[in-house]
Amino acid sequence: MTAVRAMLQRDLRLAWRRRGDLLLPVLFFVLVASLFPLAVGAEPQRLQSLAPGIVWVAALLAALLALETLFRDDFADGSLDQLLLSPGSLSALVGAKVLAHWLVSALPLVLLAPLLAVLFRLPDEAMSVLVVSLLLGTPVLSLLGAVCVALTVGLRRGGFLLTLLVLPLYVPVLIFAAGSVATAAVGASPAAHLYFLAALLVLAATLTPFAIAAALRIGAE
Amino acid sequence: MTAVRAMLQRDLRLAWRRRGDLLLPVLFFVLVASLFPLAVGAEPQRLQSLAPGIVWVAALLAALLALETLFRDDFADGSLDQLLLSPGSLSALVGAKVLAHWLVSALPLVLLAPLLAVLFRLPDEAMSVLVVSLLLGTPVLSLLGAVCVALTVGLRRGGFLLTLLVLPLYVPVLIFAAGSVATAAVGASPAAHLYFLAALLVLAATLTPFAIAAALRIGAE
Amino acid sequence: MFAGNALASLLAPPRFYRFSGVVLPWLSVLCAALFALGLYSGLVLAPPDYQQGDSYRIMFVHVPAAWLSMFAYLILAGAGFMALVWRIKLAEAVAAGVAPIGASFTLLALVTGALWGKPMWGAWWVWDARLTAELILLFLYLGYIGLQSAIADTRQAARAGAVLALVGVVNIPIIHYSVIWWSTLHQGPTVSKLDAPSIHASMLAPLLLMSAAFLLVFVIALLLRTRAELLARERRSAWVQALLEGAP
Amino acid sequence: MPMAPRPHLRLVAPDSAGAWLSAEALGCERGERELFTALDVALAPGEILQVEGDNGTGKTSLLRILAGLLEPSAGQVRWKGADIRELREAYRAQLAYVGHKDGLKAELTPRENLAFAIALSGRAPKQTPDAVLEHMGLSAHADDPVAQLSAGQRRRVALARLLSIPATLWLLDEPFTALDQHSIVRVEEMLRTHVQAGGMAVVSTHRALQVPCRRVRLATGSP
Amino acid sequence: MPMAPRPHLRLVAPDSAGAWLSAEALGCERGERELFTALDVALAPGEILQVEGDNGTGKTSLLRILAGLLEPSAGQVRWKGADIRELREAYRAQLAYVGHKDGLKAELTPRENLAFAIALSGRAPKQTPDAVLEHMGLSAHADDPVAQLSAGQRRRVALARLLSIPATLWLLDEPFTALDQHSIVRVEEMLRTHVQAGGMAVVSTHRALQVPCRRVRLATGSP
Ligand code: HEM
Ligand SMILES: Nc1ncnc2c1ncn2[C@@H]1O[C@H](COP(=O)(O)OP(=O)(O)OP(=O)(O)O)[C@@H](O)[C@H]1O
Ligand SMILES: Nc1ncnc2c1ncn2[C@@H]1O[C@H](COP(=O)(O)OP(=O)(O)OP(=O)(O)O)[C@@H](O)[C@H]1O
Ligand SMILES: [Mg+2]
Ligand SMILES: [Mg+2]
């Protein structure tokens with residue numbers, strides 16, 4: 001247990017040391033979201049109907065980019081070997097790492113999303129659904145992403161390969177999450193979508209830590 | 001001159017050795033472009049009007065991701081020091097590197113774009129404009145991106161910072177390129193937009209190699 | 001090289017430090033006076049607008065802030081150029097000093113614009129070309145600041161930032177001409193049209209006064225920040241040591 | 001090229017009955033190349049095994065196999081008779097490994113890095129981080145981020161782990177890389193006290209160790 | 001903490017008139033720390049300068065400054081009297097640098113890596129890649145990707161550059177890292193023939209060089 005707590009604490013402290021970087025996922029999120037109006041034109045009605053999709057695609061890409069920092073550094077500086085050799089439970093340690101990563105890279109997005117929703121003039125009911133969908137969906141993205149990062153960690157140029165592995169896994173989350181917001185925006189009930197997201201979260205949280213641990217042992221050979 | 005040719009040849013050969021990775025930018029491009037229909041719904045009319053923007057945003061993000069591989073590896077393995085110490089002209093060498101990078105990471109996108117255009121049912125006139133805009137625009141993305149990569153090359157976690165530096169510089173290209181396709185799609189003449197893109201390309205091709213060389217000398221300290 | 005050396009000795013940090021120490025109090029007095037005049041004529045003397053009522057008065061903050069946000073970027077790029085080519089230390093300090101100020105004015109322009117937009121266009125924000133360009137300007141500043149904080153060595157950071165600022169300067173004309181190149185919701189050039197400003201003199205005068213006052217705020221902030229940067233960068237040099245010993 | 005079968009290579013101690021760490025008929029392939037086959041290892045408490053060998057003969061690979069980080073292509077590693085793949089946590093609790101890479105976070109200070117290593121080991125430390133850093137001559141840098149240390153200073157922080165984590169078996173891959181003379185002497189001293197207290201160590205290095213040990217050369221990897 | 005001014009450190013050769021490489025009053029700051037101030041260097045053809053010093057005293061930094069890769073915080077480096085920042089290409093054409101990192105592409109073979117290094121130097125090679133690899137005992141690996149070589153084998157490929165590129169001044173940062181005994185002897189031999197032919201070298205290392213050279217210690221960087 002002390003090991004797990006130390007892990008969480010270390011990663012949060014590392015994030016704090018690099019606190020300049022804390023802003024970056026958020027900025028990326030905002031930047032990508034604001035590319036769209038530039039690219040597709042700025043008519044308010046159209047933007048409003050696109051908003052759930054744009055915000056979620058931006059969140060998904062931010063999550064994807066943030067993955068790079070999850071195990072890559074630990075592998076490069078040899079810390080990963082030390083983790084693998086720790087006598088504690090690897091899946092618990094890895095769970096702590098993913099939690100720290102989510103707190104640092106995804107939570108700020110969730111907090112910022114309402115602002116984007118205002119910029120895109122999303123109706124108020126849809127806004128709260130957007131936040132809930134992000135709260136349920138982004139941890140799934142982090143967990144699924146971690147499995148793929150672990151698999152590619154020893155490869156020299158994992159960037160694109162990682163993307164390729166991860167994006168298909170992200171698709172169900174994207175569909176249900178963006179769907180929930182879009183349903184809410186037209187006034188219907190998003191409950192079904194959100195339940196599905198919640199189910200995905202429970203599933204991912206219970207199963208992936210073991211997958212991540214196994215993948216790390218393979219990837220770090 | 002031999003040094004420049006050797007540089008180009010070496011980078012192309014490296015790309016060939018890693019030829020599995022050659023496919024990845026293209027796949028990323030296609031994947032991102034196909035996320036949107038999933039996220040915003042698939043009505044043909046709407047998709048058609050969004051197509052230029054989506055394709056260009058996808059191309060831009062693919063270019064952004066590909067940047068990671070431009071100087072980062074050379075820095076990590078010490079090759080960059082050797083480049084900086086070469087008695088030839090650094091800006092010429094760097095030009096060769098960027099050219100190789102563009103050939104490998106962006107040219108395939110340009111060749112694939114018509115396929116995406118068909119999927120999104122872009123009218124035929126717009127399709128050729130899309131290809132031309134990509135041909136003119138993506139080299140600018142590579143060149144501008146190279147400056148920013150060079151600046152961040154020595155920094156440990158450059159990923160997000162790089163994004164923050166690069167995306168604002170990419171915006172003009174995005175606006176004019178997506179604008180040209182959108183104009184063509186409604187039947188108007190995209191010439192003004194394309195001229196502007198061409199001007200940007202000429203400007204970037206003549207000036208940025210020096211900026212990249214200077215940035216590398218600074219970044220690799 | 002020779003021009004560089006001459007310039008460098010003219011802009012030697014101790015000389016600048018002394019000079020700026022002398023002018024700062026005078027500038028502050030002038031700035032306060034301009035603000036008093038500008039606010040009085042803008043809030044009291046100028047008549048309400050026939051369309052916008054009183055809400056237009058936010059212009060007296062919005063327009064100077066927007067202008068200065070762009071002006072600051074030009075200074076950033078100019079100072080960067082001098083730092084890069086002639087290695088002038090003062091220019092490095094100016095560049096490091098001006099970036100956060102520029103970012104603040106950009107933020108001010110965005111916020112006042114949004115406040116003005118709500119009554120005018122019925123929305124805090126529209127994805128209009130000029131508004132987006134101004135947002136991009138904010139990101140350019142943030143990128144510059146991010147790069148500075150990521151590089152530990154200050155001189156290396158200054159030169160790296162200079163390259164970035166010079167490349168980013170392309171965006172300034174795009175912001176300025178965005179209203180002309182694209183049909184936008186945002187106001188076209190009203191004041192800055194050279195031939196005849198399309199704005200009434202009773203509104204123009206306070207705008208100009210406020211602009212001058214804001215310019216002075218900008219200059220004062222820049223001098224203060226540059227002085228602080230210089231002290232930090234030169235803390236081992238003889239003149240700073242002498243200064244410190246002179247102080248009680 | 002066809003390879004002549006390699007002679008069976010025995011690193012067995014004269015009296016291998018008391019060996020805690022043992023491996024029989026280990027084989028290792030990296031990529032397409034066979035590094036060693038039929039390698040035997042045995043190590044009893046109080047012993048040091050120095051692994052020598054030209055570049056590329058598989059020293060690093062052997063250490064990673066012994067640590068359980070790399071799967072051997074044949075044979076198995078045993079700890080007190082049990083396969084380490086079955087022992088898992090129980091084996092890792094006996095182990096301290098210092099590889100080619102230091103395993104330090106560049107943004108954390110040496111003190112924080114050590115504190116984390118201790119927490120990760122899940123056991124009470126032998127010595128506090130402060131005492132250990134003092135001993136390695138790093139007190140002045142205890143609160144600098146590791147990123148600002150030179151190559152040799154980082155290596156010393158990595159080795160400082162050995163003094164704080166209680167571990168029976170040390171696996172050290174070229175521990176002397178980048179160290180200055182003082183530090184080399186200090187590390188040899190550490191090895192000596194470790195084995196005197198009943199510890200064991202496997203050390204790969206190109207310098208002859210100034211500590212009593214069995215020395216073993218891996219066969220040349222390639223003609 | 002307030003720093004006492006450092007003593008002026010002179011590495012000047014007895015007869016510094018014939019020096020080709022010289023530096024006066026060099027200062028170096030990394031981060032917040034002052035590594036050295038007022039350091040003088042002078043090196044004439046036929047001489048080797050061995051830079052010693054404890055970990056973190058600035059050996060790597062000094063070599064990078066001499067190569068023109070790092071800006072000194074004070075002073076300047078001169079080649080035959082001219083500032084290297086103005087000489088630029090002309091100076092770099094005289095130089096061969098082997099740093100901590102090998103500067104090899106992992107996906108290319110040793111042969112391809114050397115061929116590229118030769119092309120980059122823009123001059124006719126002293127020896128072909130094949131001859132050089134033969135000399136370094138790497139013929140068997142000439143066509144393996146470097147990724148598959150061990151640490152010491154890679155180092156040898158990096159050092160092989162010295163034999164193929166014509167350069168007057170060699171700057172070597174811990175060239176012996178990861179090398180086995182044979183290779184160490186071979187590299188010392190290379191240094192000997194290089195200076196006998198009128199070359200110069202600055203070598204940072206913790207081992208005493210078995211070649212006639214001037215040795216110089218950098219002062220301890222920190223208490
Ligand atoms: C967030 C919203 C807004 C932003 C980011 C913004 C940005 C800017 C910028 C960058 C300029 C300087 C342009 C130049 O000199 O080239 C400017 C000027 C100006 N803005 Fe805004 N603006 C916003 C909202 C508004 C609103 C709602 C109004 C009033 C309807 C307005 C009226 C003006 C006027 C009158 C000028 C002076 C134009 C001239 O003569 O150059 N702005 N704004
Ligand atoms: N990831 C890998 N893929 C393929 N081959 C590898 C890999 N890592 C090492 N090798 C091969 O294994 C052999 C042994 O490598 P290892 O690192 O174990 O050698 P070593 O004895 O530690 O050498 P050194 O003294 O140079 O550190 C090398 O010849 C190399 O070609
Ligand atoms: N990028 C950096 N930022 C800040 N400080 C640094 C940086 N690189 C090195 N230093 C500091 O500079 C000092 C000297 O580093 P350098 O690498 O030159 O030492 P060295 O003599 O080569 O040591 P070693 O024998 O360990 O290789 C170190 O104490 C380190 O703290
Ligand atoms: Mg090894
Ligand atoms: Mg060093």
Side-chain angles (χ1 to χ4, degrees), chain A residues 1-22 24 69-97 100-101 104 150 153-156 210 213-221, chain D residues 28-30 60-61 63-73 84-85 87-109 112-125 145-147 154-155 157-158 161 165-167 169-171 173:
Chain A
M1 229 33 300
T2 51
V4 174
R5 197 159 358 96
M7 185 80 247
L8 189 64
Q9 202 182 339
R10 185 197 77 164
D11 274 18
L12 292 178
R13 180 178 288 157
L14 275 176
W16 177 244
R17 290 283 150 84
R18 303 160 179 162
R19 58 189 164 280
D21 295 6
L22 283 181
L24 290 171
T69 63
L70 187 49
F71 296 117
R72 202 65 39 102
D73 276 2
D74 282 331
F75 176 76
D77 63 21
S79 308
L80 189 57
D81 284 342
Q82 300 296 335
L83 286 193
L84 294 179
L85 291 175
S86 122
S89 141
L90 186 58
S91 47
L93 285 178
V94 154
K97 266 196 90 70
H101 180 257
V104 166
V153 75
L155 306 178
R156 287 175 52 74
F210 300 97
L216 271 183
R217 290 211 186 276
I218 298 165
E221 272 213 341
Chain D
C28 174
E29 282 171 28
R30 302 299 306 256
T60 299
S61 310
L63 263 82
R64 289 183 76 82
I65 289 177
L66 293 180
L69 287 171
L70 184 67
E71 288 269 306
S73 60
I84 59 166
R85 271 174 302 188
L87 286 177
R88 292 156 168 275
E89 286 81 6
Y91 177 57
R92 282 182 238 137
Q94 308 291 325
L95 211 69
Y97 171 82
V98 178
H100 269 301
K101 297 188 232 161
D102 294 324
L104 304 171
K105 296 313 287 182
E107 290 86 353
L108 299 183
T109 66
E112 289 164 340
N113 268 300
L114 279 179
F116 176 68
I118 291 170
L120 203 59
S121 81
R123 284 157 284 167
V146 165
R154 282 183 222 189
R155 196 72 186 153
V157 181
R161 252 200 318 256
I165 297 175
L169 175 61
W170 290 2
L171 300 174
D173 198 359

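Naming convention: chains lettered A, B, ... in sequence-line order (proteins, then strands); numbering from 1 in each chain.
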Legend entry - Minimum heavy-atom distance between A/S79 and D/K105, given as atom pair plus value: OG-CD, 3.4 Å
Legend entry - Contact origin within D/Y97 toward chain A - heavy atom pairs under 4.5 Å: both
Inset, instruction - Using a cut-off of 6.0 Å, state whether more than 12 heavy atoms not belonging to D/R123 lie near its atom CZ. - result: yes
Legend entry - Side chains of A/Q82 and D/R161 in contact at under 4.5 Å (non-hydrogen atoms): yes
Inset, instruction - Write down the atom of A/L84, the atom of D/R92, and the distance for their closest heavy-atom approach. - result: O-CD, 3.2 Å
Legend entry - Gap separating the NE2 atom of D/H100 from the CG atom of A/D81, nearest 0.5 angstrom: 11.5 Å
Legend entry - Atom of A/R17, atom of D/E107 and distance for their closest heavy-atom approach: NH1-O, 3.3 Å
Inset, instruction - Please name the pair of heavy atoms, one in D/A67 and one in A/L85, separated by the smallest distance, quoted to 0.1 Å. - result: O-CD2, 3.4 Å
Inset, instruction - Could you look at A/L83 and say if it's the side chain, the backbone, both or neither that has a heavy atom under 4.5 Å from chain D? - result: both
Inset, instruction - Write down the atom of A/A6, the atom of D/A119, and the distance for their closest heavy-atom approach. - result: CB-CB, 3.3 Å
Inset, instruction - Flag the one option from D/A117, D/S121, D/G122 with the top tally of heavy-atom pairs under 4.5 Å to chain A. - result: D/S121
Inset, instruction - Identify which part of D/R30 has an atom lying under 4.5 Å from any heavy atom of chain A, answering side chain, backbone, both or neither. - result: side chain
Inset, instruction - Give a yes or no on whether the backbone of A/F75 and the side-chain of D/K101 come within a donor-acceptor separation of less than 3.5 Å. - result: yes
Legend entry - chain A contact via D/Q94 - which portion, at a heavy-atom distance below 4.5 Å: neither
Inset, instruction - Could you check which of D/V98, D/L104, D/I118, D/D102 has the highest count of heavy-atom pairs closer than 4.5 Å to chain A? - result: D/L104
Legend entry - Under 4.5 Å from a heavy atom of chain A, the part of D/L95 involved: side chain
